[in-house]
Amino acid sequence: MNSFKDFWNQFRGAIIGVIIAILILITGLDKLILAIVVLFLGAFIGNYVQRNKEDVKTKLKSFIDKM
């Protein structure tokens, strides 16, 4: 019994993480989570471009010139 307690204490986070991951995959929430991540990335990139227009233009122009 003591070895099970040691095992549980050592790998508790991993076991809970695996259970949560299985539940997310079974319920199809992975698509929702992916959509939310894409939305946040789009908002972050849009905000960055808006605040650094000249820097982005310069970097984009140099990238296109390299191609």
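These numbers come from a predicted model, not from an experiment. As a basis for the values below, the full set of heavy atoms in this structure was taken, side chains included, without hydrogen atoms, waters or symmetry mates.
- By the side-chain contact (heavy atoms from CB on, under 4.5 Å) test, R51 is found to be paired with N47, residues two or more places apart in sequence or in another chain being considered.
- In this structure, the side-chain contact (heavy atoms from CB on, under 4.5 Å) partners of I19, at least two apart in sequence or on a different chain, are I15, L23.
- Among residues two or more places apart in sequence or in another chain, the salt bridge (charged side-chain N to carboxylate O under 4.0 Å, His left out) test is passed with D30 by none.
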Could you list the donor-acceptor pairs under 3.5 angstrom formed between side-chain atoms of residues 53-67 and any protein atom two or more places apart in sequence or on another chain?
residue : atom : partner : partner atom : Å
T58     : OG1  : E54     : O            : 2.9
S62     : OG   : T58     : O            : 3.4
S62     : OG   : K59     : O            : 2.9

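- To the nearest 0.5 Å, atoms CG (L39) and CZ (F44) are separated by 15.0 Å.
- Atom-to-atom distance recorded for N9:CG and F4:CZ is 9.5 Å, nearest 0.5 angstrom.
- F40 and I24 fall within a single hydrophobic cluster, where Ile, Leu, Val, Met, Phe, Trp and Tyr are joined by side-chain heavy atoms under 4.5 Å apart, directly or via other members.
- L25 belongs to no multi-residue hydrophobic cluster, having no ILVMFWY side-chain contact under 4.5 Å with any other such residue.
- Here the CD1-CG distance, from I36 to L41, works out to 12.0 Å after rounding to the nearest 0.5 Å.
- Taking Ile, Leu, Val, Met, Phe, Trp and Tyr as members and joining any whose side-chain heavy atoms lie under 4.5 Å apart, directly or through other members, the hydrophobic cluster of V18 also contains I22, I26.
- Atom CG of L32 is separated from atom OG1 of T27 by 9.0 Å, given to the nearest 0.5 angstrom.
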